[in-house]
2 protein chains.
Amino acid sequence: MSIQYAILGLLSRQPLTGYDLKKLFAEAETLYWSGNNNQIYRTLVKLHKANLVTQEVHHQEDAPARKVYTITTVGQEALLAWLQTPPELPQVRNHFMLQLTWADQLDDADLDNLLARYEEELRVKQMMIREQHQRDQSRTGNRATSRSPLLAARITERWLDYYGHELAWVQDLRRELL
Amino acid sequence: MSIQYAILGLLSRQPLTGYDLKKLFAEAETLYWSGNNNQIYRTLVKLHKANLVTQEVHHQEDAPARKVYTITTVGQEALLAWLQTPPELPQVRNHFMLQLTWADQLDDADLDNLLARYEEELRVKQMMIREQHQRDQSRTGNRATSRSPLLAARITERWLDYYGHELAWVQDLRRELL
DNA sequence: GCCGACATGTAATGGGTTACATGATTTA
DNA sequence: TAAATCATGTAACCCATTACATGTCGGC
């Protein structure tokens, strides 16, 4: 699949430029792309060629032109078709777990150090998601009665839950190894 | 980083051939590589050139030669150095969560269908990890008193926990959307 | 005067996947 | 006789990342 449906999805809410998308990807803690230029601008060109989006160039004086992309009806249909695609299992690439798999070769101090650093990383990430969650909630007004904000809320909650459990797990393990 | 340290790690326990490694990757539910030839054989050549492993060719009559790779002391040191490398956060690429992000555009039936399929996928995966866990435990004899099997047990338990929570979450969400 | 935000893009590289290619032996 | 397992490897491709490249404007 790839980033193209994420872009289509974002465009289905509002027209955006490549630069906007870049920022959105970079900011969103749960959208896992780095938000690098190469992919975004190339994908937009590709989507445009396939008539899934339209491009509108806004010339500005004394500033580079903004290219605003808007989803087309064809694009909407493509998005909808993708939404009905069979879901895949998450691909959890846990670099740390790999290290831990062989970490019995470390001495006690180095092992605890590894765990402690991971714990710290998790803490930071958890905090960042929590802040984003609160920002989102204050924007939507917290009433998750209709379906769309309910889904958004449950998704972020799941991410928070994930990092929370990962954190609790590593803390337990550290205590157990003392 | 990449697959090279996973290979070094596996070789640190016992000498193996490319084919052995391929199987190990394909079987292991928590090692996230597909276990494709290209990467494994290429990486082994690379490791060999870098003197991190030695290669021993076992000629067999009426069968292709087996190339058995053994980790060197340099390789052991490289592995140990990597183990002390700062851990990274897990990269969770959850395709399904992306779909769900825009899934408010689906009607009730399609949305429930999407969730139901995901639930089923999780169930299968959970079962496979559980089985692998039991196999591992019967091999090591379940006494996680020394450090190494304790780590192995905690790692698999964490994976089980992850899929368990993901499953519970999707079930709750389905109920909530009824 | 420098840095960060705005705004677009390209080049090089790495990491990973599927599919292709070959050929023997065992098992159903 | 068709398949699965053993055993090695290559080709083509996709997806993603970092770094490079260019240029304006506003604020400190």
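Within every chain, numbering begins at 1; the chains are lettered A, B, ... in the order of the sequence lines, protein sequences first and strands thereafter. In what follows, every heavy atom counts, from backbone to side chain, and hydrogens, waters and symmetry copies are set aside.
- Rounded to 10 degrees, the angle separating the terminal helix axes of the helix from C/dG1-D/dC28 to C/dA28-D/dT1, each built from five base pairs, is 30°.
- Listed by residue number, there are no residues of residues 9-16 of chain B with a heavy-atom contact under 4.0 Å to DNA chain D.
- Residue pairs meeting the ring pair (Phe, Tyr, Trp, His ring centres under 6.0 Å) criterion with at least one member in residues 150-178 of chain B, sequence neighbours excluded: A/Tyr162-B/Tyr162, A/His165-B/His165.
- C/dG16 atom C1' lies 15 Å from atom CD of B/Gln4, rounded to whole Å.
- A/Ile7 places its CD1 atom 13 Å from the C1' atom of D/dA16, with the value rounded to the nearest Å.
- If you measure from atom NE2 of A/His95 to atom P of C/dG14, you get 17 Å, rounded to the nearest angstrom.
- In this structure, A/Arg93 places its CZ atom 18 Å from P of C/dG14, rounding to the nearest Å.
- Between B/Asp20 and B/Arg66 there is a salt bridge, since at least one side-chain N of the basic residue sits less than 4.0 Å from a carboxylate O of the acidic one.
- Put simply, CD on A/Gln91 is 13 Å from C1' on D/dA16, counting in whole angstrom units.
- In this structure, a donor-acceptor pair under 3.5 Å is present between the side chains of A/Asn94 and A/Glu166.
- Distance, B/Gln39 CD to D/dC14 P: 17 Å, rounded to whole Å.
- When the P atom of D/dC15 is taken as reference, atom CD1 of A/Ile40 falls 15 Å away, rounded to whole Å.
- A/Asp108 places none of its side-chain heavy atoms less than 4.5 Å from the side chain of A/Leu177.
- Side chains of B/Gln105 and A/Ser12: a donor on one and an acceptor on the other come within 3.5 Å.
- The NZ atom of B/Lys23 sits 10.0 Å away from the CG atom of B/Leu16 when rounded to the nearest 0.5 Å.
- Applying the salt bridge (charged side-chain N to carboxylate O under 4.0 Å, His left out) rule to A/Glu157 yields the partners A/Arg154; only residues at least two apart in sequence or on another chain are considered.
- Qualifying salt bridge (charged side-chain N to carboxylate O under 4.0 Å, His left out) partners for B/Arg42, counting only residues two or more places apart in sequence or in other chains: none.
- We find that CG of B/Leu21 is positioned 17 Å from C1' of C/dG16, with the value rounded to whole Å.
- One hydrophobic cluster, built from ILVMFWY side chains closer than 4.5 Å, cannot hold both A/Tyr41 and A/Phe25; they sit in different ones.
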Which atoms of nucleotides 7-11 of chain D (N or O only) lie under 3.5 Å from a protein N or O atom, and what are those distances?
residue : atom : partner : partner atom : Å
D/dA7   : OP1  : B/Arg66 : NE           : 3.1
D/dT8   : OP1  : B/Lys67 : N            : 2.8
D/dT8   : OP2  : B/Tyr19 : N            : 2.8
D/dT8   : OP2  : B/Tyr41 : OH           : 3.2
D/dT8   : O4   : B/Asn37 : ND2          : 3.2
D/dG9   : OP1  : B/Lys67 : NZ           : 2.2
D/dG9   : N7   : B/Asn37 : ND2          : 3.3
D/dG9   : O6   : B/Asn37 : ND2          : 2.6
D/dA11  : N6   : B/Asn38 : ND2          : 2.2

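- We find that B/Arg123 and B/Glu119 are joined by a salt bridge, their nearest charged nitrogen and carboxylate oxygen being less than 4.0 Å apart.
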Intermediate values then yes/no, side chain to side chain contact (heavy atoms under 4.5 Å, CB included), B/Glu56 and B/Lys67: CA-CA 6 Å; B/Glu56 222 180 311; B/Lys67 296 187 181 172; over 6 Å; no
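- In this structure, A/Ser34 does not reach the D/dA16 phosphate: none of its side-chain N or O atoms is under 4.0 Å from OP1 or OP2.
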